[in-house]
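Worksheet for the structure shown next.
We number each residue from 1, following the sequence as shown.
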Amino acid sequence: MIDPSASIHPSAVVEEGAQIGPRCKIGPFALIGPQVVLQAGVEVKSHAVVTGQTEVGEDTVIFSFAVIGEIPQDLKFDGEETQLKIGARNRIREHVTMNTGTKGGGGLTRVGDDGLFMAGCHVAHDVQIGNRVILVNNSAAAGHCVIEDDVIVGGLSGIHQWVRIGKGAIIGAVTMVTNDVIPYGLVQAPRGQLHGLNLVGLKRRGVARTDITALRAAYQMLAQGEGTFQERAKRLGGEADSSYVREIVDFVLGESDRHFLTPD
């Protein structure tokens with residue numbers, strides 16, 4: 001079904017069954033697959049491909065040569081019906097790839113709202129991405145990763161499969177992250193070391209000075225307290241008044257398939 005207000009270039013291919021919402025724009029030589037749903041105001045620029053069981057939220061823009069909704073790069077994938085759901089107002093730049101999920105990973109790759117996915121970055125099968133996330137040029141999130149709200153992943157960086165990146169964290173450029181990153185953490189160096197808190201990001205978002213002070217104290221306790229990392233987090237949870245500190249505690253004590261990057 002194609003809404004009458006949609007604008008589709010004559011050279012574009014929109015396969016039968018696709019749902020094209022109001023005010024959508026589809027550029028020259030773009031390909032829209034038969035199971036695709038484009039919500040209102042989506043723009044797919046020239047030569048982009050949107051395929052698979054993929055839903056794209058309103059006012060998202062997909063730039064030239066992006067390939068969205070292709071099958072996973074996973075040898076265990078056996079042709080099962082899986083999905084990719086993309087939220088509203090995302091900017092998906094040139095040569096970005098986003099894959100659908102796998103049966104073993106829950107069958108769904110999900111991207112939140114208001115993200116920026118710069119040229120050449122990759123979102124693999126079953127990845128769960130929150131809101132306002134930025135993946136810089138040629139960065140990659142491997143299968144089953146969880147990237148929470150307001151995370152920035154620097155250019156040429158890689159996130160190992162199953163890794164969780166907590167809310168508000170920042171990953172420096174040319175960094176390989178192999179373990180979970182606490183909320184508001186600052187990670188850099190080639191093999192991904194936790195070097196402190198994302199203080200610049202916290203200040204830009206207007207976080208109160210009292211909360212930043214509490215986060216600094218919490219970080220020091222996690223770095224220098226007695227016992228294991230989880231034991232320190234449990235003690236911290238018993239003392240925490242700040243909701244930001246509580247987010248770190250809940251993240252550390254939550255389920256994970258990886259170890260943690262711990263403070264230097």
Side-chain angles (χ1 to χ4, degrees), residues 1-2 6 8 11-21 24 26-39 42-58 60-88 90 92-113 115 117 119-130 133 135 138-147 153 158-165 177-178 255-258:
M1 182 178 67
I2 300 175
I8 301 175
S11 66
V13 176
V14 179
E15 298 192 54
E16 185 176 352
Q19 299 180 44
I20 311 300
C24 287
I26 300 175
F29 304 104
L31 171 63
I32 309 298
Q35 295 179 292
V36 170
V37 176
L38 303 184
Q39 301 289 357
V42 170
E43 182 176 2
V44 180
K45 292 182 179 285
S46 66
H47 297 85
V49 173
V50 186
T51 188
Q53 195 169 328
T54 297
E55 180 177 345
V56 183
E58 62 182 29
T60 287
V61 181
I62 299 173
F63 285 73
S64 299
F65 304 106
V67 179
I68 307 301
E70 263 294 0
I71 63 172
Q73 300 177 80
D74 185 340
L75 294 175
K76 297 188 297 297
F77 180 74
D78 194 29
E80 61 265 28
E81 287 286 323
T82 57
Q83 298 176 280
L84 167 64
K85 290 189 176 181
I86 299 171
N90 288 286
I92 300 172
R93 296 303 304 250
E94 297 82 357
H95 300 281
V96 169
T97 53
M98 295 184 176
N99 296 159
T100 56
T102 63
K103 181 179 179 181
L108 175 64
T109 305
R110 186 188 298 276
V111 174
D113 300 335
F117 300 88
C121 69
H122 175 60
V123 176
H125 59 88
D126 305 296
V127 168
Q128 307 294 308
I129 293 181
V133 168
L135 266 59
N138 298 299
S139 58
H144 313 283
C145 288
V146 175
I147 301 178
V153 179
I159 312 300
H160 193 282
Q161 59 262 35
W162 300 102
V163 161
R164 298 181 301 149
I165 308 294
V177 183
T178 57
E255 292 186 9
S256 176
D257 291 290
R258 308 292 299 177

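- To the nearest 0.5 Å, atom CD of residue Glu94 and atom NE2 of residue His47 are 13.0 Å apart.
- The closest side-chain heavy-atom distance from His122 to Leu135 is not below 4.5 Å.
- With values rounded to the nearest 0.5 angstrom, Leu108 atom CG is found 13.0 Å from His125 atom NE2.
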Begin with the C-alpha distance, continue with both residues' side-chain angles, and end with the deciding distance and a verdict on side chain to side chain contact (heavy atoms under 4.5 Å, CB included) for Glu15 and Leu31. CA-CA 8 Å; Glu15 298 192 54; Leu31 171 63; 3.8 Å; yes

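- For the residue pair Ala142 and Ala124, the shortest heavy atom distance occurs at C-CB, 3.6 Å.
- Closest approach of Val42 and Gly57 over heavy atoms only: CG2-O, 3.2 Å.
- A donor-acceptor pair under 3.5 Å links the side-chain atoms of Thr109 to the main chain of Asn99, judged by distance alone.
- You'll find the side chain of Glu70 stays beyond 4.5 Å of the side chain of Val49, heavy atoms only.
- Asp126 and His144 make their closest contact through OD2-CE1, 3.4 Å (heavy atoms, listed as atom of the first residue, atom of the second, distance).
- Between the Asn90 side chain and the Thr60 main chain, no donor and acceptor come within less than 3.5 Å of each other.
- Note: Phe63 CZ to Phe117 CZ = 13.0 Å, rounded to the nearest 0.5 Å.
- Closest of all the heavy-atom pairs between Ala6 and Ile20 is CB-CG2, 3.9 Å.
- Screening residues 76-86 for salt bridge (charged side-chain N to carboxylate O under 4.0 Å, His left out) gives Asp74-Lys76 as the qualifying pairs, with residues at least two apart or on separate chains.
- In this structure Asn138 satisfies the side-chain contact (heavy atoms from CB on, under 4.5 Å) test together with Leu156, sequence neighbours excluded.
- Thr102 and Pro72 make their closest contact through CG2-CG, 3.6 Å (heavy atoms, listed as atom of the first residue, atom of the second, distance).
- Each of His160, Gln161, Arg164 was evaluated against Arg258; a single residue qualifies, His160, per the side chain to side chain contact (heavy atoms under 4.5 Å, CB included) test.
- Ala18 and Gly33 make their closest contact through CB-O, 3.3 Å (heavy atoms, listed as atom of the first residue, atom of the second, distance).
- Atom OG1 in Thr54 sits 8.5 Å away from atom CD1 in Ile62 (nearest 0.5 Å).
- Just one residue in the list Leu84, Ile92, Ile147, Ile129 forms a side chain to side chain contact (heavy atoms under 4.5 Å, CB included) with Val123, and that residue is Ile129.
- Here the CD1-CD1 distance, from Ile8 to Ile2, works out to 4.0 Å after rounding to the nearest 0.5 Å.
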Verdict with supporting geometry, Ile165 and Val153, side chain to side chain contact (heavy atoms under 4.5 Å, CB included): CA-CA 10 Å; Ile165 308 294; Val153 179; 5.7 Å; no

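- For Ser46, the side chain to side chain donor-acceptor pair (under 3.5 Å) criterion is met by Ser64, not counting sequence neighbours.
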